[in-house]
Q: 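The structure that follows is given in the form of structure tokens.
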Amino acid sequence: MTATISVGRSLVILGLALAAVGCSGSATSTPAMTPTIATAGPTGTPAVPTEPPEIALLVEGGDPVAGQLGTYTWGDGGSDAPWLTGAPLRVGPGERLAARVEPFAAVSAWEAQVVPWDADGPAGAVPLGSGSGEPAFPAPNPGRWTIHLEVTYAAGLGSANYFWQVDVE
């Protein structure tokens, strides 16, 4: 009877050992399922933001002033905003205004225009400039104005409207 118990124990131990080997995996076993994290692109590619980047206007020697973001289309969404009077900025007549896109996104086209500050829309707007790349254009004549900058981003990212209240003194 002792021999039978010994053989029985050996078979149980052998069965457990075989089961353990089967669970431990080998070159031909199916890999365990592990959760994955979805990424926006290849490793090192930044994810596309959910809305357009900020654009700040600056003049030589001045601090950049972020524009108010108006209506935009971006990715699969967008926002419909009313006409805005803009973020306040003081400049001298004819000073060159340069726009800085943060975080950087390539600009395929832009158009800047100016209307009197108290206007409730773009009717009667006067063009300040247009082009591609980061926008730059001269300040308008003395007075209080709303500068409206419409930007179309490269790679089909979308487009956005930005506004500044500019006091030209």
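The shown structure was predicted, so the numbers you read here are calculated from the model rather than taken from an experiment.
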Q: For the residue pair R100 and L58, establish whether any side-chain heavy-atom pair is separated by less than 4.5 Å.
A: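 Side chain of R100 against side chain of L58, heavy atoms only: contact under 4.5 Å found.
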
Q: Nearest 0.5 Å please: distance from the CH2 atom of W145 over to the CG atom of D167.
A: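 Nearest 0.5 Å value for the CH2-CG distance: 11.5 Å.
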
Q: Looking only at heavy atoms, what is the nearest atom pair of R96 and A136, with distance?
A: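 That would be NH2-O, 3.4 Å.
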
Q: Going from CD on E54 to CG on L69, what distance comes out if it is rounded to the nearest 0.5 angstrom?
A: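 Nearest 0.5 Å value for the CD-CG distance: 9.5 Å.
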
Q: If hydrophobic clusters are built from ILVMFWY residues whose side chains come within less than 4.5 Å, do L57 and V126 share one?
A: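 Yes; V126 is reachable from L57 via cluster members.
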
Q: Checking ring pair (Phe, Tyr, Trp, His ring centres under 6.0 Å) between H148 and each of W117, Y162, F163, W164, which is the one that passes?
A: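 That would be F163.
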
Q: Please check this pair: side chain of T152 against backbone of S108, looking for a donor-acceptor N/O pair closer than 3.5 Å.
A: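 Between the backbone of S108 and the side chain of T152 there is no qualifying donor-acceptor contact (under 3.5 Å).
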
Q: Can you tell me how far apart CG (L97) and CG (L89) are? Round to the nearest 0.5 Å.
A: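 Those atoms lie 6.5 Å apart.
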
Q: Look only at the side chain of T73 and the backbone of G158, and say whether a donor-acceptor pair between them is shorter than 3.5 Å.
A: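 No; judged by distance alone, with no hydrogens or angles, the pair does not exist.
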
Q: May I ask you to decide if the ring planes of F137 and W110 are parallel, tilted or perpendicular, using 30° and 60° as cut-offs?
A: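 Ring orientation, 0 to 90° scale: tilted.
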
Q: What distance separates T146 OG1 from Q113 CD, expressed to the nearest 0.5 Å?
A: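 Atom-to-atom, T146:OG1 and Q113:CD are 10.5 Å apart.
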
Q: Give me the atom names and distance for the closest heavy-atom approach of P53 to A105.
A: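 Closest approach of P53 to A105, heavy atoms only: CG-CB, 4.0 Å.
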
Q: Taking side-chain hydrogen bond (donor to acceptor under 3.5 Å, both in side chains) as the criterion, tell me which of E95, Q165, E169 meets it with R90.
A: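 Between R90 and the candidates, side-chain hydrogen bond (donor to acceptor under 3.5 Å, both in side chains) is satisfied uniquely by E169.
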
Q: Give a yes or no on whether the backbone of A109 and the side-chain of S132 come within a donor-acceptor separation of less than 3.5 Å.
A: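 No.
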
Q: Is the shortest side-chain heavy-atom distance between L157 and W74 below 4.5 Å?
A: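 Heavy-atom side-chain distance check passes, below 4.5 Å.
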
